[in-house]
Amino acid sequence: MEKKRSAIIIGATSGIGRELARRLLGQGWKVGIAGRRKDRLQEIQSQFGADQVFQADMDITQPAATAALDRLLEQTGAPDLFLHVSGVGYQNPGLDEAVEMQVIQTNCDGMVRMVSHFIYFVKSSGAYGPNHKAHIAVVTSVAGTAGLGIAAAYSASKKMQSTYLSALSQLARMQQLPVIFSDIRPGFVATEILSGSHHYPLVMTVEKAGSHILRGIRRKRRVITFDWRFRALSALWRIIPRGVWERLRFIKTRN
Ligand SMILES: NC(=O)c1ccc[n+]([C@@H]2O[C@H](COP(=O)([O-])OP(=O)(O)OC[C@H]3O[C@@H](n4cnc5c(N)ncnc54)[C@H](OP(=O)(O)O)[C@@H]3O)[C@@H](O)[C@H]2O)c1
């Protein structure tokens with residue numbers, strides 16, 4: 001009998017992470033899910049059963065999250081796929097310090113904590129090798145393409161995530177680690193992160209985002225940017241000269 005494939009999803013309690021959890025579970029994967037909201041974790045486990053879903057509540061901004069990840073790994077065994085989805089994002093033209101810091105602590109500190117701890121597990125568990133590589137995928141964003149004035153910490157945090165993955169990918173080759181990476185860069189997706197009074201263009205459904213992501217992961221794509229409109233936009237952003245970019249106005253603000 002073919003061995004069940006397994007994944008860990010950090011940030012599976014809502015939005016993109018929950019959609020990915022549901023899809024993988026629907027395809028028969030064993031999935032370890034994590035996030036802060038215990039009721040949401042419980043809901044998914046009740047729906048699919050405790051023999052297929054394992055859960056750990058954790059706050060990735062806290063050092064204790066690594067012990068929670070270890071407990072989850074004890075239940076799932078060495079997963080084929082480690083998906084880091086957790087993140088927060090806000091428009092913050094007033095540069096409210098608490099908001100800026102929460103974004104950095106979650107998207108930068110939290111992501112580094114979880115991904116580097118998982119790589120430590122890959123190295124120490126002896127469960128991986130040339131024929132069984134761990135696939136680490138992180139949901140970053142097209143927002144990391146260039147600094148956005150209305151979301152300074154968010155766009156910078158997403159660029160940091162992409163740069164970190166690029167560095168890890170080089171390091172893994174240098175050290176011949178059995179790991180491959182995907183950098184998942186969605187455009188706007190209708191999830192809780194976009195809730196609020198702002199208007200966003202070209203928003204796609206979470207179901208559509210889930211299809212794009214899993215197709216890219218199946219194909220082991222190093223960078224997964226979607227959909228085509230955001231691929232075109234981010235290609236354009238990259239060639240706009242800095243002096244022009246920094247004069248663009250996305251919203252009028254006096255803050
Ligand atoms: N929606 C978009 O337009 C869009 C576009 C590009 C990139 N993204 C990225 O996609 C990722 C998922 O966002 P989403 O759109 O699915 O929004 P979401 O529904 O708000 O999901 C955010 C997830 O992150 C988790 N999370 C937040 N802070 C956490 C913490 N301190 N510890 C552990 N988990 C934490 C949340 O779980 P708990 O609250 O239960 O902890 C939740 O599962 C984010 O990294 C976001 O930057 C989203």
Side-chain angles (χ1 to χ4, degrees), residues 10-11 15-17 60-61 82-119 136-173 179-189 191 193-194 198 200-204 209 212-213 216-217 221-251 253:
I10 310 294
I16 296 170
I60 61 165
T61 67
F82 181 86
L83 260 165
H84 185 90
V85 190
S86 284
V88 293
Y90 307 97
Q91 290 193 11
N92 189 23
L95 300 180
D96 179 318
E97 188 181 319
V99 172
E100 295 293 85
M101 294 316 296
Q102 189 202 349
V103 170
I104 298 301
Q105 281 156 7
T106 309
N107 299 357
C108 300
D109 299 16
M111 185 273 301
V112 170
R113 173 173 290 121
M114 304 317 289
V115 171
S116 62
H117 194 72
F118 181 67
I119 291 177
I136 298 179
V138 177
V139 178
T140 67
S141 174
V142 292
T145 311
L148 298 170
I150 54 170
Y154 183 70
S155 54
S157 73
K158 291 296 168 178
K159 181 122 191 152
M160 182 273 175
Q161 292 184 329
S162 291
T163 306
Y164 190 67
L165 289 176
S166 179
L168 290 185
S169 186
Q170 187 185 67
L171 183 68
R173 284 190 173 87
V179 194
I180 61 165
F181 296 89
S182 290
D183 177 346
I184 301 165
R185 302 178 185 173
F188 292 124
V189 183
T191 65
I193 220 172
L194 296 192
H198 305 291
Y200 295 90
L202 310 176
V203 176
M204 71 193 97
H212 280 290
I213 293 171
I217 285 177
R221 291 257 191 271
R222 175 65 187 80
V223 176
I224 305 166
T225 306
F226 58 92
D227 54 11
W228 68 268
R229 301 167 302 180
F230 285 96
R231 267 199 302 281
L233 261 178
S234 64
L236 180 69
W237 284 355
R238 262 184 240 113
I239 57 172
I240 296 178
R242 194 182 61 228
V244 175
W245 176 261
E246 291 177 0
R247 282 172 177 76
L248 293 179
R249 292 173 70 102
F250 290 99
I251 58 165
T253 171

- Message: Suppose we screen for salt bridge (charged side-chain N to carboxylate O under 4.0 Å, His left out). Which residues come up paired with Asp227, at least two apart in sequence or across chains?
- Response: Lys208, Arg229
- Smallest separation among heavy atoms of Ala146 and Trp237, with atom names: N-CE3, 4.5 Å
- State whether the side chain of Thr140 and the backbone N or O of Ile184 hold a donor-acceptor pair below 3.5 Å, judged by distance alone. yes
- In Å, rounded to the nearest 0.5 Å, how long is the span from CE of Met101 to OG1 of Thr106? 10.5 Å
- Message: Whether the side chain of Ser155 engages the backbone of Gly147 through a donor-acceptor N/O pair (distance < 3.5 Å, no angle test) should be reported.
- Response: no
- Any donor-acceptor N/O pair, Ser157 side chain to Tyr154 backbone, under 3.5 Å: yes
- Going through the checks in order, is the side-chain contact (heavy atoms from CB on, under 4.5 Å) test met by Ser234 and Arg185? CA-CA 10 Å; Ser234 64; Arg185 302 178 185 173; over 6 Å; no
- Please confirm whether the backbone N or O of Ile60 pairs with a side-chain atom of Arg113, one donor and one acceptor, at under 3.5 Å? yes
- Just by distance, with hydrogens left out, do Asn107 and Gln161 show a side-chain donor and acceptor under 3.5 Å apart? no
- Message: Could you walk me through whether Val115 and Ile10 satisfy the side-chain contact (heavy atoms from CB on, under 4.5 Å) test, starting with their C-alpha distance in whole Å, then the side-chain angles of each, then the deciding distance to 0.1 Å, before giving a yes or no?
- Response: CA-CA 10 Å; Val115 171; Ile10 310 294; over 6 Å; no
- Message: Can a donor-acceptor pair be found, under 3.5 Å and without considering hydrogens, that links the side chain of Lys158 to the backbone of Thr145?
- Response: no
- Task: Evaluate the ring planes of Phe188 and Phe230, with Trp represented by its six-membered ring, and classify them as parallel (under 30°), tilted (30 to 60°) or perpendicular (over 60°).
- Result: perpendicular
- Note on the structure: In short, Val88 meets Val103 closest at the heavy-atom pair CG2-CA, 3.8 Å
